[in-house]
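This report refers to the structure that appears directly beneath it.
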Amino acid sequence: GAVVSQHPSRVICKSGTSVKIECRSLDFQATTMFWYRQFPKQSLMLMATSNEGSKATYEQGVEKDKFLINHASLTLSTLTVTSAHPEDSSFYICSARDLGASGTGEQYFGPGTRLTVT
Amino acid sequence: AQKVTQAQTEISVVEKEDVTLDCVYETRDTTYYLFWYKQPPSGELVFLIRRNSFDEQNEISGRYSWNFQKSTSSFNFTITASQVVDSAVYFCALTFYGGATNKLIFGTGTLLAVQP
């Protein structure tokens, strides 16, 4: 149980185009999903917290107009990188919190999406 | 403020050696959770353990053991008889109790290389 999927696992796009990454909780409902970014040899940096049916909460320094997050259902959140540039190349990881685990802080992580912008 | 410090950036050991990964945390909350995750080269985070602040008992799971000491705000992780498959980046993380949107605060990670 508690499986989170991400699609695509790898994507290469040209500078100036937009890329959408999907995060799905496969066997549980998640009111809250999180999006992280990880540069090579660095830790995970929280980008935003996504709540189903409401606007995402972005961390300081993260451009909300560049990283569009939509959490339309209890099992799906999407991150769209708009007008991507080479500096957006990174490993993007989502996580989801089970409705039943709201007190424990446990998050289930997706396998990540490696974005390369050329 | 909450903070997690993993002072060891990289550790290299030879197979079958024991190795301890250090984690020191800071928080003003009295109720919190601590985690360890493994990130192999594939990138996917693997959950290893969750410990709440009220449970200071050490835990052992196979070759893995964890030492939680509130007095020193540490939550160290020991791998006994290390194997090549243990090579990965290990992250310690902290979150406070309660609320659906509480965030995980990650340490900077420790890269463990186990040589054959």
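Fair warning: this is a prediction, and the values are worked out from it, not measured in the lab. Numbered from 1 within each chain, the chains take letters A, B, ... in sequence-line order.
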What pairs of residues pass the ring pair (Phe, Tyr, Trp, His ring centres under 6.0 Å) test when at least one of them lies in residues 36-60 of chain A, not counting sequence neighbours?
->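 Applying ring pair (Phe, Tyr, Trp, His ring centres under 6.0 Å) to every pair that reaches into residues 36-60 of chain A, excluding sequence neighbours, yields Y36(A)-F109(A), Y36(A)-F106(B).
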Rounded to the nearest 0.5 Å, what separates atom [atom1] in [X] from atom [atom2] in [Y]?
X	Y	atom1	atom2	result
L45(B)	S95(A)	CG	OG	9.0 Å
K41(A)	T9(B)	NZ	OG1	11.0 Å
I105(B)	L46(A)	CD1	CG	7.5 Å

Proximal to chain B - members of residues 83-93 of chain A, heavy-atom separation under 4.5 Å =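 Expected list: F91(A), I93(A).
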Counting only N and O atoms by type, is there a donor-acceptor contact under 3.5 Å from the side chain of S43(A) to the main-chain atoms of G109(B)?
->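 Here the side-chain-to-backbone pair does not exist.
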Linked, directly or transitively: [X] and [Y] (ILVMFWY side chains, under 4.5 Å):
X	Y	answer
L68(A)	M47(A)	no
V24(B)	V89(B)	no
V3(A)	L76(A)	no
Y37(B)	L44(A)	yes

Could you tell me which portion of Q38(A) (side chain, backbone, both or neither) has an atom closer than 4.5 angstrom to a non-hydrogen atom of chain B?
->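 Contact with chain B is through the side chain of Q38(A) alone.
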Qualifying residues under side chain to side chain contact (heavy atoms under 4.5 Å, CB included), relative to E15(B), sequence neighbours excluded |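 So E15(B) forms a side chain to side chain contact (heavy atoms under 4.5 Å, CB included) with Q83(B), V84(B), V114(B), P116(B).
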List the atom of G110(A), the atom of E44(B), and the distance in Å for their closest heavy-atom pair.
->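 Of all heavy-atom pairs spanning G110(A) and E44(B), the closest is O-CG, 4.3 Å.
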Contact part of Q39(B) toward chain A, heavy-atom cut-off under 4.5 Å: side chain, backbone, both or neither?
->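 The answer is the side chain of Q39(B).
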Can you tell me which residue pairs pass the disulfide (SG to SG under 2.5 Å) test with a partner in residues 17-67 of chain B, sequence neighbours excluded?
->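 Counting only pairs at least two positions apart or across chains, the disulfide (SG to SG under 2.5 Å) contacts touching residues 17-67 of chain B are C23(B)-C92(B).
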CD1 (I12(A)) with more than 12 external heavy atoms under 6.0 Å |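 Counting neighbours around CD1 of I12(A), 12 or fewer heavy atoms of other residues, nucleotides or ligands fall under 6.0 Å, so no.
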Assess whether atom NZ of K55(A) is packed by more than 12 heavy atoms of other residues, nucleotides or ligands within 6.0 Å.
->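 No, NZ of K55(A) has 12 or fewer neighbouring heavy atoms, counting only those of other groups under 6.0 Å.
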